[in-house]
Number of protein chains: 2
Amino acid sequence: MGGLLDNKVQAQSLVDVVAERIEAAIISGQLEPGSRLSEQALATSLGVSRGPLREAIRRLEGRKLLERTPNIGVRVAALSLRDLNEILQVREALEGMACGLAALNMSDAEIAELRRLLDNHEKQRSVQENKGYYQESKDFDFHFRIVAGSGNERLARMLTGDLYYLLRVYRYKSSTKPGRAMEALQEHRDIAAALERRDPQAAEQAMREHLRHARRYVEEQIAAETTNGHPPATPRKGRVGRLD
Amino acid sequence: MGGLLDNKVQAQSLVDVVAERIEAAIISGQLEPGSRLSEQALATSLGVSRGPLREAIRRLEGRKLLERTPNIGVRVAALSLRDLNEILQVREALEGMACGLAALNMSDAEIAELRRLLDNHEKQRSVQENKGYYQESKDFDFHFRIVAGSGNERLARMLTGDLYYLLRVYRYKSSTKPGRAMEALQEHRDIAAALERRDPQAAEQAMREHLRHARRYVEEQIAAETTNGHPPATPRKGRVGRLD
DNA sequence: AACTTCGGTATTGCAGGTAAATTATTGCAA
DNA sequence: TTGCAATAATTTACCTGCAATACCGAAGTT
């Protein structure tokens with residue numbers, strides 16, 4: 001394994017490239033949620049004709065990252081706080097199950113690796129002590145490994161391929177809250193401990209609790225919004241997203 | 001509610017129509033899993049050019065109902081027994097949660113309606129007693145209402161819009177098993193009872209158990225397949241699906 | 001006889017162009 | 001000045017045509 005010739009390369013059509021590019025732009029924030037995209041502008045900006053671009057858009061449409069209104073146009077899917085809450089609820093159920101399965105299916109080596117990952121995080125955290133925030137990619141890495149370790153490939157794809165993306169768009173870090181980073185790290189440790197004990201029920205519970213904290217944060221925002229008569233998060237409709 | 005003017009009609013592009021048509025063809029079995037579809041043939045058969053057809057295909061691709069291999073072609077997604085099992089596992093978690101939420105969020109009227117539905121099923125079942133099988137659409141209706149009653153729209157769409165479709169393709173009726181129909185009806189009653197009691201935990205448990213039975217059926221098949229040295233379910237590759 | 005190579009045929013991938021719909025703008029009237 | 005109407009401009013929707021790639025069968029080689 002590891003040889004350069006072992007990986008089977010797949011021909012990539014323009015559509016694939018364009019779709020990936022747009023997806024990346026959405027996640028990176030280059031294309032803001034709710035912003036409209038002009039076919040002509042995007043096509044010339046990417047150097048392709050409108051055919052493949054439209055096909056790429058259709059695919060992302062199927063994945064609910066883009067929304068098209070016939071004869072009007074395409075916009076980046078915008079999630080309301082309510083949507084966000086719903087998605088987090090789904091995530092809780094799915095990733096809870098994944099974690100329970102991981103307790104049964106992950107290899108000892110994988111779990112050990114997970115533990116090392118956390119020690120690593122701890123160090124990095126102590127460096128920027130007061131920054132008090134858990135770097136996004138680290139958090140993602142931890143969750144990713146567990147989900148992959150569940151042994152249920154479809155479940156893993158649903159989480160890492162679909163739900164995570166939607167959440168990332170919102171760079172929704174409840175971890176920006178003051179003491180949250182330390183808490184999160186501790187919760188990660190609890191999860192790892194349950195995995196080491198090979199206790200699926202405890203693992204599921206630990207993961208669910210961890211995720212519930214994140215969700216509570218959103219629920220607080222919802223509550224605040226509805227009481228304050230806050231403007232219901234108007235997604236900027238005017239802006240047209242480019243990729244330059 | 002229910003007025004003819006309440007439904008907001010959306011302009012439907014050719015792509016929408018074509019996509020729906022293909023989806024229907026897949027579900028109805030007109031297009032078998034694993035079968036290849038020729039763009040030219042489908043296009044002429046549907047009376048559209050290849051452009052919109054390709055876009056429709058791309059969308060279904062995003063929804064994992066179709067799979068495209070670059071420069072080769074498109075085929076209807078084929079699920080192995082292992083895939084099926086994975087999906088059923090996901091369904092268990094998701095629909096379990098949905099049922100728990102439904103116990104909190106469904107209106108009394110909706111629950112009462114559910115009960116009437118079951119009485120109706122019972123009658124119909126007793127008519128074709130020995131046929132011993134729960135008509136597919138009835139079963140779907142029951143589950144559909146509960147899922148919709150969860151109050152979590154995204155969850156409902158994931159289940160009814162995505163997972164159910166994948167499962168329907170396989171018309172995988174564990175209900176064809178001899179005594180299964182009666183059992184299933186009884187389980188439905190248990191679920192309804194938990195909802196009436198407004199007991200979310202019991203509701204979730206009842207639903208999970210109901211679904212676990214279906215899954216066990218698949219697991220048995222997997223076991224049988226691997227021991228018998230059965231050919232691993234070769235999806236017919238040769239056939240080209242038409243819509244005529 | 002089996003395997004490889006080579007050419008023809010069919011299918012997919014991509015680009016541009018025309019028609020239809022929506023949005024923006026301008027002019028007119030109240 | 002405001003509201004409406006007609007028109008112009010922009011954008012999407014769809015179709016056709018051409019290029020690139022893969023598939024299939026025949027001929028040739030080992």
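Numbers restart at 1 for each chain; the letters A, B, ... are given by sequence-line order, proteins then strands.
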Item to check | Residue whose nearest DNA chain C nucleotide is more 5′ - A:P52 or B:G73 | outcome: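 Between the two, 5'-proximity favours B:G73.
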
Checklist entry - Quick one: salt bridge (Lys or Arg N to Asp or Glu O under 4.0 Å) pairs with a partner in residues 10-20 of chain A, sequence neighbours left out? => result A:D16-A:R59

Item to check | Salt-bridge contact B:E39-B:R68 (side-chain N to carboxylate O under 4.0 Å) | outcome: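 Looking at B:R68 together with B:E39, the answer is yes, because their closest N to O distance falls below 4.0 Å.
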
Next on the checklist: Taking B:R145 first and then B:E110, would you say they form a salt bridge - that is, a charged N and a carboxylate O separated by under 4.0 Å?
Outcome noted: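 Here B:R145 does not pair with B:E110 in a salt bridge, since their nearest N and O are not under 4.0 Å apart.
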
Item to check | Which residues share a ring pair (Phe, Tyr, Trp, His ring centres under 6.0 Å) with A:Y165, sequence neighbours left out | outcome: none

Set of side chain to side chain donor-acceptor pair (under 3.5 Å) partners for [X], sequence neighbours left out:
X      : value
B:R216 : none
B:R154 : none
A:S80  : A:D83
A:E67  : none

Checklist entry - Would you call B:V17 and B:V48 a side-chain contact if the rule is heavy atoms closer than 4.5 Å? => result no

Next on the checklist: I'd like to check B:V218 versus B:L81 (side-chain heavy atoms, cut-off strictly below 4.5 Å). Are they in contact?
Outcome noted: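 Yes, close enough: below the 4.5 Å cut-off.
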
Item to check | Start and end of the DNA chain D segment that chain A contacts, any atom under 4.0 Å from a heavy atom | outcome: D:dT11 to D:dC14

Next on the checklist: Let's see if you get this right: which residues in residues 56-66 of chain B place a heavy atom under 4.0 Å from DNA chain D?
Outcome noted: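 Nucleic-acid contacts, sorted: none.
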
Checklist entry - Which of parallel (below 30°), tilted (30 to 60°) and perpendicular (above 60°) describes B:H143 and B:Y164? => result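 Perpendicular, since the angle between the ring planes exceeds 60°.
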
Item to check | Divergence of helical axes at both termini of the helix from C:dA1-D:dT30 to C:dA30-D:dT1 - five pairs an end, 10° steps | outcome: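 It comes to 20° between the two terminal axes.
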
Next on the checklist: By the 4.0 Å heavy-atom rule, please label A:V74 as base, sugar-phosphate, or nothing.
Outcome noted: nothing

Next on the checklist: Applying side chain to side chain contact (heavy atoms under 4.5 Å, CB included), can you list everything that pairs with A:A156, at least two apart in sequence or on another chain?
Outcome noted: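 Partners of A:A156 by the side chain to side chain contact (heavy atoms under 4.5 Å, CB included) criterion, ordered by chain and then number, come out as A:V147.
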
Next on the checklist: According to salt bridge (charged side-chain N to carboxylate O under 4.0 Å, His left out), who are the partners of A:E92, at least two apart in sequence or on a separate chain?
Outcome noted: A:R212, A:R215

Identify the pairs formed between an N or O of the protein and an N or O of nucleotides 17-23 of chain C at a distance under 3.5 Å, and give each distance.
unit_1	atom_1	unit_2	atom_2	d
C:dG17	O6	A:R50	NH2	3.4

Item to check | Length of the CD-C1' vector between B:E55 and C:dA15, whole Å | outcome: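 The distance from CD of B:E55 to C1' of C:dA15 comes to 14 Å, rounded to the nearest Å.
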
